[in-house]
J.: 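Sharing a structure here in structure tokens format.
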Amino acid sequence: MQKELIEISEEDKRFMQQAIQLSVDNIDEGGGPFGAVIVKDGEVVATGANRVVPNNDPTAHAEVTAIRNACKKLGTFSLDGCTVYTSCEPCPMCLSALYWARVKRICYANTKADAAEIEFDDSFIYDQLDLPYENRAIQCDHFMRNEAIAAFKKWASKTDKKCY
């Protein structure tokens with residue numbers, strides 16, 4: 001089933017331009033060329049830029065930083081109803097985080113192929129995910145499940161949990 005193409009509004013273009021400008025400005029501030037803007041009901045909730053190197057944090061991608069900022073500002077872990085404008089197609093980590101955050105829409109400018117051309121290539125990660133554990137580049141050892149399952153059982157029986 002093919003999705004219906006939507007019309008890109010002037011508002012969409014304005015928010016995307018903001019994400020793009022964040023990506024450009026962030027280079028001069030020691031970060032990578034990525035920016036993101038999170039919008040809800042036509043208003044900017046939060047922004048983020050890639051701060052991997054300055055923060056010594058491999059998870060400090062623009063989208064993840066914007067998610068953290070938006071959730072803190074809104075006081076929730078769910079960004080239901082939000083649109084993310086990002087200067088580049090999200091990497092596997094950021095895409096997963098956006099799904100976990102439950103955003104309604106992701107808009108991006110540069111593609112993952114564009115990113116690969118400047119040595120931000122995520123194809124290795126996508127390829128690794130398709131491999132059996134024993135064939136992955138990082139060794140994955142599974143043990144002590146019987147001990148660890150106690151936390152899951154405790155969670156399952158908790159009556160006042162907030163599911164996410």
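Because the structure is predicted, anything quoted here is derived from the model rather than measured.
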J.: What closest approach, in Å, do Trp155 and Lys161 show between heavy atoms, and which atom pair accounts for it?
T.: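 So the minimum-distance heavy-atom pair works out to O-NZ, 2.9 Å.
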J.: In sequence, state the C-alpha distance, the side-chain angles, and the governing distance for His142 and Tyr133, and then conclude on side-chain contact (heavy atoms from CB on, under 4.5 Å).
T.: CA-CA 10 Å; His142 175 225; Tyr133 292 116; over 6 Å; no
J.: Hey, could you give me the CZ/OH distance between Arg14 and Tyr85, rounded to the nearest 0.5 Å?
T.: 9.0 Å
J.: Heavy atoms only: give me the nearest Thr86-Met16 pair and the separation to one decimal.
T.: O-SD, 3.4 Å
J.: So, for Ser23 and Gly35, which heavy atoms are closest and what is the spacing to 0.1 Å?
T.: CB-N, 3.5 Å
J.: Does atom OH (Tyr99) have a neighbourhood of more than 12 heavy atoms from anything else shown, all under 6.0 Å?
T.: no
J.: Indicate yes or no: at least one non-hydrogen side-chain atom of Ser78 is less than 4.5 angstrom from one of Tyr164.
T.: no
J.: Which distance, rounded to the nearest 0.5 Å, do you find between the SG of Cys107 and the NZ of Lys13?
T.: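 It comes to 12.5 Å.
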J.: Atom NZ in Lys104, atom NZ in Lys40: separation rounded to 0.5 Å?
T.: 9.5 Å
J.: Is the terminal nitrogen or CZ of Lys162 (NZ for Lys, CZ for Arg) located under 6.0 angstrom from the six-membered ring centre of Phe77 and within 45° of that ring's axis?
T.: no
J.: Atom CG in Asp130, atom CD1 in Ile125: separation rounded to 0.5 Å?
T.: 12.5 Å
J.: Give, for atom CD of Glu89 and atom SG of Cys94, the distance between the pair rounded to the nearest 0.5 Å.
T.: 11.5 Å
J.: Among Asn110, Ile20, Ile118, which residue satisfies the side-chain contact (heavy atoms from CB on, under 4.5 Å) criterion with Cys88?
T.: Asn110
J.: Tell me if the CD atom of Glu147 is crowded by more than 12 foreign heavy atoms within 6.0 Å.
T.: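 Count over threshold, so yes.
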J.: Can you see which heavy atom on Thr65 is nearest to which on Ala49, and at what distance?
T.: OG1-O, 3.7 Å
J.: Between atom CG of Asn50 and atom CG of Leu22, what is the distance when rounded to the nearest 0.5 Å?
T.: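 Taking CG in Asn50 and CG in Leu22, the distance rounds to 11.5 Å.
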J.: Kindly indicate, with the supporting measurements, whether the criterion side-chain contact (heavy atoms from CB on, under 4.5 Å) is fulfilled by Arg102 and Leu79.
T.: CA-CA 6 Å; Arg102 296 184 182 102; Leu79 297 179; over 6 Å; no
J.: Same cluster for Val44 and Ile67 if Ile/Leu/Val/Met/Phe/Trp/Tyr side chains link at under 4.5 Å?
T.: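 In one cluster with Val44: Ile67, no.
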J.: Please enumerate all residues that pass salt bridge (charged side-chain N to carboxylate O under 4.0 Å, His left out) together with Asp12, with sequence neighbours excluded.
T.: Arg105
J.: Tell me if a side-chain donor or acceptor on Glu63 pairs with a main-chain N or O of Ala97 at a distance below 3.5 Å.
T.: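 The answer is no, because no donor-acceptor pair under 3.5 Å joins these two groups.
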J.: On a heavy-atom basis, which atom in Ala46 and which in Ala70 lie closest, and how many Å separate them?
T.: CB-N, 3.4 Å
J.: Just so I know, are the side chains of Arg51 and Glu29 near enough to count as touching, which here means a heavy-atom distance under 4.5 Å?
T.: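 In contact.
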J.: Output, in order, the C-alpha distance, side-chain angles, deciding distance and verdict of side-chain contact (heavy atoms from CB on, under 4.5 Å) for Ile38 and Val103.
T.: CA-CA 9 Å; Ile38 297 180; Val103 300; 5.7 Å; no
J.: Shared ILVMFWY cluster between Val39 and Val84, side chains joined below 4.5 angstrom?
T.: no
J.: Locate the shortest heavy-atom distance separating Ala109 from Ser87; write the atom from each residue and the value.
T.: CB-O, 3.4 Å
J.: Starting from the C-alpha separation in whole Å, work towards a yes-or-no answer on side-chain contact (heavy atoms from CB on, under 4.5 Å) for Thr59 and Arg68.
T.: CA-CA 11 Å; Thr59 68; Arg68 290 173 180 158; 3.0 Å; yes
J.: Give a yes or no on whether Lys72 atom NZ has more than 12 heavy-atom contacts from other residues, nucleotides or ligands under 6.0 Å away.
T.: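 Open.
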J.: Would a 4.5 Å heavy-atom cut-off, applied to side chains only, mark Phe34 and Asn26 as touching?
T.: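 In short, these two side chains do not touch, never coming nearer than 4.5 Å.
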